[in-house]
Protein chains: 2
Amino acid sequence: MPVLVMKFGGTSVATLDRIRRAAKRVGVEVAKGYDVIVIVSAMSGKTNELVGWVNETSPMYDAREYDAVVSSGENVTAGLMALTLQEMDIPARSWQGWQVPVRTTSAHASARIEEIPPANIMGRFADGMKVAVVAGFQGVSPEGRITTLGRGGSDTTAVAFAAAFEAVRCDIYTDVDGVYTTDPRVESKARKLDRIAFEEMLELASLGAKVLQTRSVELAMRYKVKLRVLSSFEEQSDDAGTLVCDEEEIMESNVVSGVAFSRDEAKMTLVSVADRPGIAAAIFTALSEGGVNVDMIVQNISEEGRTDMTWSCPVDQVMRAEKSVEKAQSDGVINYHELIADREVAKVSVVGIGMRSHTGVAAKMFQVLSGEGINIKVITTSEIKISVLIDRKYMELAVQALHDAFELHKPA
Amino acid sequence: MPVLVMKFGGTSVATLDRIRRAAKRVGVEVAKGYDVIVIVSAMSGKTNELVGWVNETSPMYDAREYDAVVSSGENVTAGLMALTLQEMDIPARSWQGWQVPVRTTSAHASARIEEIPPANIMGRFADGMKVAVVAGFQGVSPEGRITTLGRGGSDTTAVAFAAAFEAVRCDIYTDVDGVYTTDPRVESKARKLDRIAFEEMLELASLGAKVLQTRSVELAMRYKVKLRVLSSFEEQSDDAGTLVCDEEEIMESNVVSGVAFSRDEAKMTLVSVADRPGIAAAIFTALSEGGVNVDMIVQNISEEGRTDMTWSCPVDQVMRAEKSVEKAQSDGVINYHELIADREVAKVSVVGIGMRSHTGVAAKMFQVLSGEGINIKVITTSEIKISVLIDRKYMELAVQALHDAFELHKPA
């Protein structure tokens, strides 16, 4: 039998009623003749409760114990889902990570899946079991301890199973009905995409579109897993949702596929740094050791042996960044006049694999923003993405103007 | 290092504060030089919540999935307890049942522990770990699935670890400060016992004194585990609580150690049953197959080929019993005139190993009850126990009168 992987997120299994609804979706696929692997998250809110207890107990917690505690929510949902399927006369059983086993690295709280031997579950499929319900987000380390894959890790579990079992597809059921050209709450003309390329999804995921965990997209791209994002709250047809796939599978596409944004950014500038070889390394090592996630970086032209260094980071890390560079200054590692923090910026990006073969996207983007009177503070680009930092108050306007200018409301 | 086992029940780990308080108790024992194995229950209420979900999902649930779900509460507490100990600079880690491993039978939801290989945990003690925190109530079957030991099973986990690790003692921390001569809510003069024999504790446990799971006492008796029951809510001295031990270790004791009772009993009589060899077997097989837990049994003298059969059972099983015998009648297995159910009875018992060598306990018990005008409906006896069924309205009176007559308020 062909294998299908279906993943249900926390809101899709938040109550016994929702678990029943999800189980009915599984029943539909079983009736089509698939052997189904269901990956479940914890009921929504449960993992946060457990994380809260761990933080309250031990702010500098042992990550091995953190994993032992926070992985328990998925075990509950897996058992309840198996029972629900059994009530529907569908042969099913639950599997915890260590039972499969889902072998991971020992990097507790952010482990990576190394191997999922399919033998156990395939043997049960051969014996007539129709559905294997697997607790997502968790695995087992070489030392035999429970690991977790980081927040959103159940997406990665699902893709890894799809790869290991050579599944026909990996369906991610969530509370939105697919991937949109931009957030519909910001631009009402946002359009659901029927298909999106892995590379584009990767940029969108890392740019803050919280539909899929970034690592799950990387894994799907590497192993050519057909990944579909769809809503668990709507009746589904076979072509519902958005298919994340190889760019060759997308016949027609716009040059730009989507407009992403990230609201809570800060722009920081270290003014008049004594310039010397290795100064950038010194600054960003200090920031990294301080736990600051630096995103964009710009170095201004050096004058008379001094230079300005600008970067962006999440706005709630500004204080941490300030402490880090002050410490580097007092340690004599760097020497600067002033650190300026602009907490009122946002990042807006246009993403599309079509950019590889089309020129002029950047020029058009800058013209559109300029036409709206929006000043660009920092620019970065990749092969398929252009990002700019702007004043936060213009963010919605920028997203709407770009969505319009690149005609994203029209199907390709 | 000598090994000490400490078990904390649900109320003792109900909140993060209580976990901290329990961890401090553990710290005291570590400071004395013990290697400590801590067995934890789920936070109180958690297991009931999980059981409720399973019942709502699937009334005739697959016990393997039931176990996978309801065992998760203990995993949370084990991790939180390990983190709390680490915060106190005590080297500790948590272990789930399958990690130790706690090998059990495959009788899901009421599995029995078969083996606990001490090597893994002893190896860690040798490496400097001071506390192994183990999730109680759970184990792993020969098929690699999670099992549970039945309600109250963490007591049994604790005793089994004490036996496997040849612990100096097994301390059961709970919300009462020991075993009493009777329930202090019924008889204010009830006295805490410093020591009680295994056999007596076994009778008390099975008679409804809910301090310890019956199986844990059986196990402690078989493996000569020194078992102590004490409160987690009071400052403790070394001789706090009640020690459950071999009868040889009890120097002086009263003939009667305690008065136990069970409030919600029913007395059922099958009137004028056609008597023949095997009729008792037929009746009690029918009741057993109907899921009725029969306790006392009395058969009246047979007259003209017919007899009356009387038994007691929990009052909430009366309907089940009625259906079972009606079915047996319609199946032609038994033939009777009438089934009478008296739902207003209670069981009162006196227990004491001293009865073995002292006569007259039964006579005294019956005199006391008669002196209070209490009619005895059914009597059963064992070597160290006498139980009677009486009208429920006299239960408190009977307990108080017996407690007084056997002078249980006075130390031996």
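Below, chains carry the letters A, B, ... as their sequence lines are ordered, and counting in each starts from 1.
Of all the listed residues (A:Gln86, A:Arg93, A:Arg64), the one sharing the greatest number of non-hydrogen pairs under 4.5 Å with chain B is A:Arg93. Contact tally against chain B (heavy-atom pairs below 4.5 Å) for A:Leu80, A:Asn75, A:Val54: the top residue is A:Leu80. Most heavy-atom pairs under 4.5 Å with chain A: of the set B:Trp53, B:Trp98, B:Trp95, B:Tyr66, this distinction falls to B:Trp98. Ranked by heavy-atom pairs under 4.5 Å with chain B, the list A:Arg20, A:Met60, A:Met43 is led by A:Met43. Interface remark: of the candidates B:Asp62, B:Ile19, B:Asp67, B:Asp62 forms the most heavy-atom pairs closer than 4.5 Å to chain A. In terms of heavy-atom pairs under 4.5 angstrom with chain A, the leader among B:Ile146, B:Leu16, B:Val133, B:Thr77 is B:Leu16. Ranked by heavy-atom pairs shorter than 4.5 Å toward chain A, the options B:Ala78, B:Ser94, B:Ala82 are led by B:Ser94.
Only the side chain of B:Leu50 comes within less than 4.5 Å of a heavy atom of chain A; its backbone N, CA, C and O stay farther away. Using a 4.5 Å cut-off between heavy atoms, B:Glu143 makes no contact with chain A at all. Neither the backbone nor the side chain of B:Val70 comes within contact range of chain A; no heavy atom of the residue lies under 4.5 Å from a heavy atom of that chain. In this structure, chain A has heavy atoms under 4.5 Å from both the backbone and the side chain of B:Glu56.
Summarising the local packing, CD of A:Glu166 is surrounded by 12 or fewer heavy atoms from other residues, nucleotides or ligands at distances under 6.0 Å. Sparse packing is recorded around CE of B:Met319, with 12 or fewer heavy atoms of other residues, nucleotides or ligands lying under 6.0 Å away.
For the residue pair A:Ala92 and B:Glu65, the shortest heavy atom distance occurs at O-OE2, 4.4 Å. Nearest heavy atom pair, residue A:Val69 against residue B:Gly79, reads CG2-CA, 3.5 Å. Contact between B:Gly144 and A:Gln99 at its shortest, heavy atoms only, is O-NE2, 3.1 Å. When all heavy atoms of B:Thr57 and A:Thr84 are compared, the closest pair comes out as CG2-OG1, 3.1 Å.
With values rounded to the nearest 0.5 angstrom, B:Gln96 atom CD is found 8.5 Å from A:Ser72 atom OG.
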